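None of these values were measured; they are calculated from a predicted model. Each chain gets a letter, A, B and so on, in the order its sequence line appears, and its residues count up from 1.
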There are 2 protein chains.
Amino acid sequence: MTTSFYNLLEGVMRLYKLLPDGRRQIVGFALPGDFLGMTSSSRHNFSADAIGPVVVCRFSRAPFARFIDDKPHLLRRINELAVRELGQAQDHMVLLGRRSAEEKVATFLVGWRDRLAALGGKTTTVPLPMSRQDIADYLGLTIETVSRTFTKLDRDGVIEILPGGISLLDPARAEALAAA
Amino acid sequence: MTTSFYNLLEGVMRLYKLLPDGRRQIVGFALPGDFLGMTSSSRHNFSADAIGPVVVCRFSRAPFARFIDDKPHLLRRINELAVRELGQAQDHMVLLGRRSAEEKVATFLVGWRDRLAALGGKTTTVPLPMSRQDIADYLGLTIETVSRTFTKLDRDGVIEILPGGISLLDPARAEALAAA
DNA sequence: CGAATCGTTGAAAGCAGTCAACTAGGGTGG
DNA sequence: CCACCCTAGTTGACTGCTTTCAACGATTCG
């Protein structure tokens, strides 16, 4: 596995791991600006693929490592990035281990909105380029449970289901469900 | 939170996060040689405490950061550590999101045995210094489910429950359940 | 010897999973 | 143009794994 480092410039990617029997856990979604490839270096079946068209900036591993050696400043930056990702991973463990389906979905929607907002988008309408199966595999649920929970949040007036996304009708209530 | 870095020299610690309502997720156990404090720097309620007596080597954050700046070599080491932890975190996400209670417990026992073995211990008898509640909060289960699963594995001849630990009677079967 | 804590076990409930049918778009080819 | 199919998503009925509630046993400690 001669993987490389990537900088995602445009599009959305899913990062996941597979069990031998096919069960999948998506460990994260990547958005433009995200840095990929740190973790795939270590052993284990780690995969990433695009959701829709993407533009990436690819760095061969070895040359990149050499390049970094000369720039301790850059290494620090990489390190901060790894630590941030580690923190996000820990947050996600809390979600997977200790939250209900409704909390999971609400947390996902609010978090996804915030990430898109940070890239400079509107905050009420939230596009969801990934499939329900992707969301299910990210939240440790089944596709049916995700669908039912979306419907419930819609009926409750928290969100409105739109083609290709949702609208956060009641952000406060959604954030309450996501309360960390 | 002026936390510091720590190097655990002796003993066992639990690292966890709490939800506002008290739900707890243990994100990892630390053993001698483990490096703590990278993630607690970032915001969020992150806690760590000792399971039994511990000996740690403490580094104040600021001086340590300055010290590192002069040693790019050391920074690389730290970075590798962070990446390794990130990989473990991803493995644990798979466990929390996609595995059954029995698989979770078996995976935990095999993994814990391997970590102890790496520190130079026997491999058949596995001491478990943490409580059932700790194990439950690590695996995203309840204490009752953990207890029942232990009992089941015992009845099935996979393990033998001992005071303060277990014996891996059938490592092959346990590893099959933990199959990653 | 209680009192307290930890762990185990049982019975019942509930949340999410499974199985299956149905709907809605979207693309293709006749 | 429309019939057809294929995929994604929704919904329903039911199952079942894990949780919840509760009692009991074991060990420790004051």
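- Through direct or relayed side-chain contacts under 4.5 Å between Ile, Leu, Val, Met, Phe, Trp and Tyr, Leu9(B) connects to Val55(B).
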Under a 3.5 Å cutoff on both atom distances, Watson-Crick or G-U, what's the dot-bracket for DNA chain C ([ ] crossing, | other strand)?
||||||||||||||||||||||||||||||

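- Rounded to an integer number of Å, the gap from CG of Leu162(A) to C1' of dG25(C) is 16 Å.
- Asn7(B) places no side-chain N or O within 3.5 Å of a backbone atom of Cys57(B) that could act as its donor or acceptor partner.
- Classified by interplanar angle (parallel below 30°, tilted 30° to 60°, perpendicular above 60°), the ring pair Phe29(A)/Trp112(A) is perpendicular.
- For the pair Ile161(A) CD1 and dA8(D) P, the computed distance is 18 Å after rounding to whole Å.
- Taking 4.0 Å as the cut-off between side-chain N and carboxylate O, Asp137(B) and Arg132(B) do not count as a salt-bridged pair.
- Taking a 4.0 Å limit (strictly below) on heavy-atom distances, residues 130-149 of chain B reaches DNA chain D at Gly140(B), Leu141(B), Thr142(B), Glu144(B), Thr145(B), Arg148(B).
- Between Arg23(B) and Glu103(A) there is a salt bridge, since at least one side-chain N of the basic residue sits less than 4.0 Å from a carboxylate O of the acidic one.
- With side-chain heavy atoms closer than 4.5 Å counting as contact, directly or through intermediates, Ile143(B) stands alone and belongs to no larger hydrophobic cluster.
- Counting to the nearest Å, the C1' atom of dT11(D) and the NZ atom of Lys152(A) are 16 Å from each other.
- Applying the salt bridge (charged side-chain N to carboxylate O under 4.0 Å, His left out) rule to pairs touching residues 166-180 of chain B yields Arg113(B)-Glu175(B), Asp170(B)-Arg173(B), sequence neighbours excluded.
- Taking Tyr16(A) as the reference, nothing meets the ring pair (Phe, Tyr, Trp, His ring centres under 6.0 Å) condition, with sequence neighbours excluded.
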Considering only nitrogen or oxygen atoms on both sides, find all protein atoms under 3.5 Å from nucleotides 26-30 of chain D and state each distance.
none

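- A heavy atom closer than 4.0 Å to some atom of DNA chain C occurs in no member of residues 89-109 of chain B.
- In the hydrophobic clustering, where aliphatic and aromatic side chains (Ile, Leu, Val, Met, Phe, Trp, Tyr) are joined below 4.5 Å either directly or transitively, Val94(A) groups with Leu19(B).
- Put simply, CG on Asp154(B) is 14 Å from C1' on dG7(C), counting in whole angstrom units.
- For the pair Arg23(A) CZ and dA16(C) P, the computed distance is 19 Å after rounding to whole Å.
- Judged as a ring pair (Phe, Tyr, Trp, His ring centres under 6.0 Å), and not counting sequence neighbours, Tyr6(A) has no contacts.
- In this structure Arg14(A) satisfies the salt bridge (charged side-chain N to carboxylate O under 4.0 Å, His left out) test together with Asp49(A), Asp134(A), sequence neighbours excluded.
- Under a 3.5 Å cut-off, the side chain of His92(A) and the backbone N or O of Tyr138(A) do form a donor-acceptor pair.
- Among residues at least two apart or in separate chains, salt bridge (charged side-chain N to carboxylate O under 4.0 Å, His left out) pairs with a member in residues 81-95 of chain A are Asp91(A)-Lys17(B).
- Separating the CG atom of Leu153(A) from the C1' atom of dG9(D) is a distance of 16 Å, rounded to the nearest angstrom.
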